[in-house]
Amino acid sequence: MKTALTIAGSDSSGGAGIQADIKTMMANGVYAMSAITALTAQNTTGVAAIQNATAEFLGQELDSVFNDIFPDAIKIGMVSESDLIQVIAGKLRRYKAKNIVVDPVMVATSGARLISEAAVDVLKNELFPLADLLTPNIPETEVLTGMQITTAEAMIEAARQVSEKYHCAVLCKGGHQLNDANDLLYVNGAYRWFEGKRINNPNTHGTGCTLSSAIASNLAKGFSMEESVNRAKDYISGALAAMLDLGKGSGPMDHGFAIKNNFTEEA
Ligand SMILES: Nc1ncnc2c1ncn2[C@@H]1O[C@H](COP(=O)(O)OP(=O)(O)O)[C@@H](O)[C@H]1O
Ligand SMILES: Cc1ncc(COP(=O)(O)OP(=O)(O)O)c(N)n1
């Protein structure tokens, strides 16, 4: 069985972060492992508190995973402080990690800031150069380029700039702002649109986490970057279309929609 590791924060309400990643990886047929960067006290209405792991402990989590079950792909999500980012970068280099997907999580849809101002530069300088794929949404792409992105052309130009600067593929997600649910992949000097029909579901908590871990799962299984994105788009569309409705705010998706079977039947 292929394996994937998520390095991210825990979401106590289970819709984003580590919990979304593990559910997604399982539904996409890979063995899921985790290194937790932070605990968040969070639900569908917002983030009440954040407790970061220490850099030393995060390092021990990563050593424990890499020295035993080597991950075929890695997804990196919320990492809020510079020292944690530096530990991750050091371990990825040391263990020669491959198929690295970095979701540059900055602000939750609920409005909570999930990375300190100071850590954004460390993320760019230390982690981005190790990534095979970056998956910023439009506000994150604006922070990374200093551009204002209001058109499809601006999305292409911004993705080009990020891809050339960090020598990796970039998937700029239009889900929250532009163009239906069309995302733009910029890879090796060329771009391709991945078109998604916008699903009229107000419950989109954890969409970014879910997409990036679905892509990592498919890279772990040996699919190309383009096919991994294609399959991940199909998966997230299915999870949104299942119309789960939980919580008082923007609720989670049904990550298990594709694996409903005898074990999920109710009495
Ligand atoms: N209502 C929707 N219908 C279909 N796809 C969506 C919808 N909202 C987001 N997506 C898709 O979910 C993925 C995550 O995008 P996005 O929500 O922008 O990420 P983030 O959570 O990082 O802001 C993208 O592929 C995006 O196109
Ligand atoms: C612990 C944790 N990590 C990441 C996020 C952000 O999730 P994301 O999928 O980018 O988007 P929203 O959930 O904000 O739609 C989070 N909330 N918590």
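Remember, it's 1-based here, ligands and their atoms both numbered in the order they're listed.
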task: Would you please test Val30 and Met1 for side-chain contact (heavy atoms from CB on, under 4.5 Å) and show each step?
output: CA-CA 6 Å; Val30 299; Met1 191 172 192; 5.6 Å; no
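- Within the 4.0 Å heavy-atom cutoff, Gly15 does not count among the residues contacting ligand 2.
- The distance criterion of under 3.5 Å between nitrogen or oxygen atoms is met by Thr207 with respect to ligand 1.
- Taking every non-hydrogen atom of Ser10 and a distance limit under 4.0 Å, the qualifying atoms of ligand 2 come out as 1 (C).
- In terms of N/O distances under 3.5 Å, ligand 2 is not approached by Thr210.
- Taking distance alone, with nitrogen or oxygen atoms compared against 3.5 Å, Thr109 approaches ligand 2 more closely than that limit.
- Residue Ile18 holds its CD1 atom at 8.0 Å from CE of Met25, rounded to the nearest 0.5 Å.
- Counting heavy atoms from C-beta on, the side chains of Ile36 and Glu61 come closer than 4.5 Å.
- Within ligand 1, the atoms closer than 4.0 Å to a non-hydrogen atom of Lys233 are 25 (O), 26 (C), 27 (O), numbered from 1 in the order shown.
- Residue contacts with ligand 1: Leu211 is placed with no nitrogen or oxygen under 3.5 Å of a nitrogen or oxygen of the ligand (distance criterion only).
- Of the N or O atoms in Asp183, one or more lie within a sub-3.5 Å distance of an N or O in ligand 1.
- The parts of Ile199 lying near ligand 1 are both backbone and side chain, judged by heavy-atom distances below 4.0 Å.
- Ligand 1 has a nitrogen or oxygen under 3.5 angstrom from a nitrogen or oxygen of Asn137.
- At least one N or O atom of Gly208 sits closer than 3.5 Å to an N or O atom of ligand 2.
- Between Lys23 and Asp254 there is no salt bridge, since none of the side-chain N atoms of the basic residue sits less than 4.0 Å from a carboxylate O of the acidic one.
- If you check the side chains of Asp72 and Asn99, you find no donor sitting under 3.5 Å from an acceptor.
- Here Arg231 does not pair with Asp234 in a salt bridge; the nearest charged N to carboxylate O distance is not below 4.0 Å.
- Among the atoms of Cys209, some N or O lies under 3.5 angstrom from an N or O of ligand 2.
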CA sep, side-chain torsions, deciding dist, call: Asn203, Ser250, side-chain hydrogen bond (donor to acceptor under 3.5 Å, both in side chains): CA-CA 4 Å; Asn203 298 309; Ser250 176; 5.0 Å; no
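- Counted by atom type alone, Ser213 and Asp21 present one or more donor-acceptor pairs between their side chains at under 3.5 Å.
- The contact set between ligand 2 and Thr207, taken as ligand atoms under 4.0 Å from a residue heavy atom, comprises 9 (O).
- Heavy-atom proximity to Ala108, at under 4.0 Å, picks out these atoms of ligand 2: 14 (O), 17 (N).
- Asn52 and Thr37 share no donor-acceptor pair across their side chains, judged by distance under 3.5 Å alone.
- Taking a cutoff of 4.0 Å between a charged side-chain nitrogen and a carboxylate oxygen, Lys221 and Glu227 do not qualify as a salt bridge.
- With Gln42, Met253, Met106 as candidates, the residue nearest to atom 16 (C) of ligand 2 on a non-hydrogen basis is Gln42.
- Within the listing of ligand 2, atoms 15 (O) sit less than 4.0 angstrom from a heavy atom of Thr204.
- Under a 4.0 Å criterion applied to the non-hydrogen atoms of Lys197, ligand 1 contributes the atoms 3 (N), 4 (C).
- Taking every non-hydrogen atom of Lys173 and a distance limit under 4.0 Å, the qualifying atoms of ligand 1 come out as 14 (C), 15 (O), 18 (O), 19 (O), 20 (P), 22 (O).
- For the residue pair Thr210/His255, the side-chain donor-acceptor check at 3.5 Å is satisfied.
- Side-chain contact check for Thr40 and Asp11: no donor-acceptor pair (N or O, by modelled atom type) lies under 3.5 Å.
- Residue contacts with ligand 2: Gly206 is included, with a non-hydrogen atom under 4.0 Å away.
- Using a 4.0 Å cut-off to heavy atoms of Met78, the atoms of ligand 2 that qualify are 1 (C), 3 (N).
- Taking only nitrogen or oxygen atoms, main chain and side chain alike, Ile236 does not reach within less than 3.5 Å of ligand 1.
- Annotation: Leu114 places no N or O atom under 3.5 Å from an N or O atom of ligand 2; distance criterion only.
- Using a 4.0 Å cut-off between heavy atoms, Leu240 contacts ligand 1 through its side chain alone, with no backbone atom that close.
- For Glu140 (side chain) and Asn137 (main-chain N/O), a donor-acceptor pair under 3.5 Å exists by modelled atom type.
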field: Derivation of the ring-ring contact (aromatic ring centres under 6.0 Å, His included) call for Phe70 and Tyr95
entry: CA-CA 9 Å; Phe70 196 89; Tyr95 291 109; 7.5 Å; no
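- Per-residue contacts place Gly9 under 4.0 angstrom from the following atoms of ligand 2 (heavy atoms of the residue considered): 1 (C).
- Judged purely by distance below 3.5 Å, without hydrogens or angles, the side chains of Lys75 and Thr6 never pair a donor atom with an acceptor atom.
- Here is the list of ligand 1 atoms found below 4.0 Å of a heavy atom in Ala181: 4 (C), 5 (N), 6 (C), 27 (O).
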